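Here's the structure we're looking at; comments come further down.
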Amino acid sequence: MKKDFPFFPIMLSVLLTASATFLISSHYLKKTPEFVPVPNQTDPSAKGEKLQYFSDEIILASKNQNDKNRFVLNLELNRKEVEKGKFIHYYTARFFQNGKEKTVRTNFYSNTEKITKNAFLPKYENAVFDDLSTRESFAFALSIDGKTFDITTTGLEGDFITKNDITYTRYLSEGKGTVKIGGEKFEANAALEKVYSSDHSKYLFFPGVNDLTSRTYRFLVWNSEGNFYLLDNSIVSKDHPAYRPHTWILYKNAAPKYLQKFFEAQIKFAEKGKEKNWEITIPGLETKLLLKTTDPTDVNWSNGTVGGVANTKAGEKTLYGAFSYKKE
């Protein structure tokens, strides 16, 4: 039995220091400037307090095999407690298609971490199961570049826990989605990454976070049969107890349905102009991923679409999905 209520947490984006544009509405606690930085450290007035952080990142990649109609939609809904009972919400939606990117942002203060319908999200529903399992679904709408996007997701079941601490819990789900853009309807692959922290000063906004240097790759790709690969790899140039180097790999087979998890991969990376190429060998899966993108959105932090092939024991399969890349 399902019931609707906002459920908390997702994906930690390494750039939790980004700025965003404010949309002012009646439920804000107070009027704010149109451009403000998201606080990147625990507020000095709140020292000694354990402040919370929540994040939901929803990624949809078109299942259409026609390259001209392929797209990736990425929605990040982050909420950071800046003092007891006061949260800054900062949301970003990015739409990638045909080598072009459209981005919309908003942020505002609220006395709750709960996500509700607003000017940025005129429709928002998050249905979870009352047995406290990780199963859930979303239905939401937003507007990007004058186009209305109406999205639903299914089959999100909490496939992979990547952070496992009471102060920092992070997990990923893979499922399916439907995207309506204007009068067109597309079937999509979907992924959800959730983050919850009961004390964001420990592992998220810890002292020295702004000086930390790391190189990070993240790929969420599907093949034509619906099989899913997640690879998250981070190399830290200077060791820090709050942020460790890591490699996480999740493989989810569509039919028959099963999961495999690995923590080792060899990555070769080459960059020429706008083009980036990765050769990723996953020994435990006996698979090599060859991925390429020309969709960087920023010099130091890139997001966009990625394509390529997976060479497996069963043969070669085409891949398509989303990537994130952070330079040192």
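Every value quoted in this text rests on a predicted model; they were computed, and no experiment measured them. Quick note: residue numbers are just sequence positions, from 1.
In terms of heavy-atom proximity, I88 sits nearest to Y109 at CB-CE2, 3.8 Å. Residues D145 and K102 share a closest heavy-atom pair of OD2-CE, 3.2 Å. For P122 against A141, the heavy-atom pair with the smallest separation is CD-O, 3.2 Å. Closest approach of K50 and K84 over heavy atoms only: O-NZ, 2.7 Å. Minimum heavy-atom separation, A61 to G321: CB-CA, 4.2 Å. When every heavy atom of F120 is checked against every heavy atom of N118, the shortest pair comes out as N-OD1, 2.9 Å.
No side-chain heavy atom of F95 sits less than 4.5 Å from a side-chain heavy atom of N74. Two residues are said to be in side-chain contact when any heavy atoms from C-beta on lie closer than 4.5 Å; E136 and N126 meet this criterion. In this structure, the side chains of F228 and N189 stay at 4.5 Å or more apart for every pair of heavy atoms. Within the 4.5 Å cutoff, no side-chain heavy atoms of T106 are placed close to those of V104. L121 is listed as a side-chain neighbour of I115, based on a closest heavy-atom distance under 4.5 Å.
Between Y53 and Y168, the ring centre distance reaches or exceeds 6.0 Å.
To the nearest 0.5 Å, atom CG of residue L172 and atom CG of residue D232 are 9.5 Å apart. Rounded to the nearest 0.5 angstrom, N107 CG and Y90 OH are separated by 9.5 Å. Rounding to the nearest 0.5 angstrom, the gap separating the OG1 atom in T178 from the NZ atom in K63 is 8.5 Å. Here F219 contributes atom CZ and L230 contributes atom CG; the two are 10.5 Å apart, rounded to the nearest 0.5 Å. With rounding to the nearest 0.5 Å, the separation of CG in L290 from CH2 in W278 is 12.5 Å. Here the CD-OH distance, from E113 to Y196, works out to 9.0 Å after rounding to the nearest 0.5 Å.
Note that R218 lies outside the cation-pi zone of Y325, set by a 6.0 Å cut-off to the ring centre and a 45° limit from the axis.
Other residues, nucleotides and ligands contribute over 12 non-hydrogen atoms within 6.0 Å of the NZ atom of K176. Taking a 6.0 Å sphere around NZ of K288, one finds it holds 12 or fewer heavy atoms contributed by other residues, nucleotides or ligands.
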message = Run the ring-ring contact (aromatic ring centres under 6.0 Å, His included) test on W222 and Y229 for me, step by step, so that the C-alpha distance in whole Å, both residues' side-chain angles and the decisive distance to 0.1 Å come before the verdict.
response = CA-CA 6 Å; W222 290 261; Y229 298 85; over 10 Å; no

request  = Start with the C-alpha distance between K261 and I249, add both sets of side-chain angles, then the distance that settles side chain to side chain contact (heavy atoms under 4.5 Å, CB included), and finish with yes or no.
outcome  = CA-CA 6 Å; K261 304 171 186 180; I249 301 158; over 6 Å; no

inquiry  = Please determine whether side chain to side chain contact (heavy atoms under 4.5 Å, CB included) holds for the pair S173 and E157, giving the CA-CA distance in whole Å, both sets of side-chain angles, and the decisive distance to 0.1 Å.
reply    = CA-CA 6 Å; S173 304; E157 298 176 350; 5.6 Å; no

inquiry  = Test side chain to side chain contact (heavy atoms under 4.5 Å, CB included) on T247 and F263; report intermediate values, then the result.
reply    = CA-CA 5 Å; T247 300; F263 300 90; 5.5 Å; no

request  = Evaluate side chain to side chain contact (heavy atoms under 4.5 Å, CB included) for E275 paired with T293, printing each intermediate quantity in order.
outcome  = CA-CA 6 Å; E275 185 174 290; T293 186; over 6 Å; no

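Between the side chain of K326 and the backbone N or O of S234, no donor-acceptor pair lies under 3.5 Å. For the pair R105 (side chain) and T103 (backbone), a donor-acceptor distance under 3.5 Å is absent. Panel note: side chain E81, backbone G85; a donor-acceptor pair is recorded below 3.5 Å. Not one N or O on the side chain of N98 forms a donor-acceptor pair closer than 3.5 Å with the backbone of K100.
Of the candidates T148, D150, L142, K123 forms a side chain to side chain contact (heavy atoms under 4.5 Å, CB included) with just one, namely D150. Between L192 and the choices L75, L156, T134, the side chain to side chain contact (heavy atoms under 4.5 Å, CB included) rule is met once, by L156.
In this pair, Y91 and F108 present their aromatic rings perpendicular. The plane angle is above 60°, beyond the 30 to 60° band. Ring geometry, F87 versus F54: the interplanar angle falls from 30° to 60°, so the pair is classed tilted.
Side-chain contact annotation: D199 with T167, donor-acceptor N/O pair under 3.5 Å absent. Between the side chains of N277 and E279, no donor-acceptor pair of N or O atoms lies under 3.5 Å. N223 and Y320 share no side-chain donor-acceptor pair at under 3.5 Å.
For the pair K276 and E271, the salt-bridge criterion is met [side-chain N within less than 4.0 Å of a carboxylate O]. K117 has no carboxylate O lying under 4.0 Å from a charged side-chain N of E125, or vice versa, which leaves the two without a salt bridge.
Taking V179 as the reference, L60, F71, F149, I151, I181, A188 meet the side-chain contact (heavy atoms from CB on, under 4.5 Å) condition, with sequence neighbours excluded. With sequence neighbours left out, the ring-ring contact (aromatic ring centres under 6.0 Å, His included) criterion links F262 to no other residue. Applying the ring-ring contact (aromatic ring centres under 6.0 Å, His included) test to W248 and every residue at least two apart in sequence or in another chain returns H246. Listed by chain and number, the residues in a side chain to side chain donor-acceptor pair (under 3.5 Å) with K180 amount to none (sequence neighbours excluded). Partners of K317 by side chain to side chain donor-acceptor pair (under 3.5 Å), not counting sequence neighbours, listed by chain and number: E225.
Following chains of ILVMFWY side-chain contacts shorter than 4.5 Å, one can reach F323 starting from I267, so the two form part of one hydrophobic cluster.
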Atom pairs and distances, side-chain donor-acceptor, residues 251-259, under 3.5 Å, sequence neighbours left out:
from: Y251; atom 1: OH; to: N227; atom 2: ND2; distance (Å): 3.4
from: Y251; atom 1: OH; to: N253; atom 2: OD1; distance (Å): 2.6
from: K252; atom 1: NZ; to: D159; atom 2: OD1; distance (Å): 3.4
from: K252; atom 1: NZ; to: D159; atom 2: OD2; distance (Å): 3.2
from: K252; atom 1: NZ; to: E174; atom 2: O; distance (Å): 3.0
from: K252; atom 1: NZ; to: E174; atom 2: OE1; distance (Å): 3.2
from: N253; atom 1: ND2; to: A255; atom 2: O; distance (Å): 3.3
from: N253; atom 1: ND2; to: P256; atom 2: O; distance (Å): 2.8

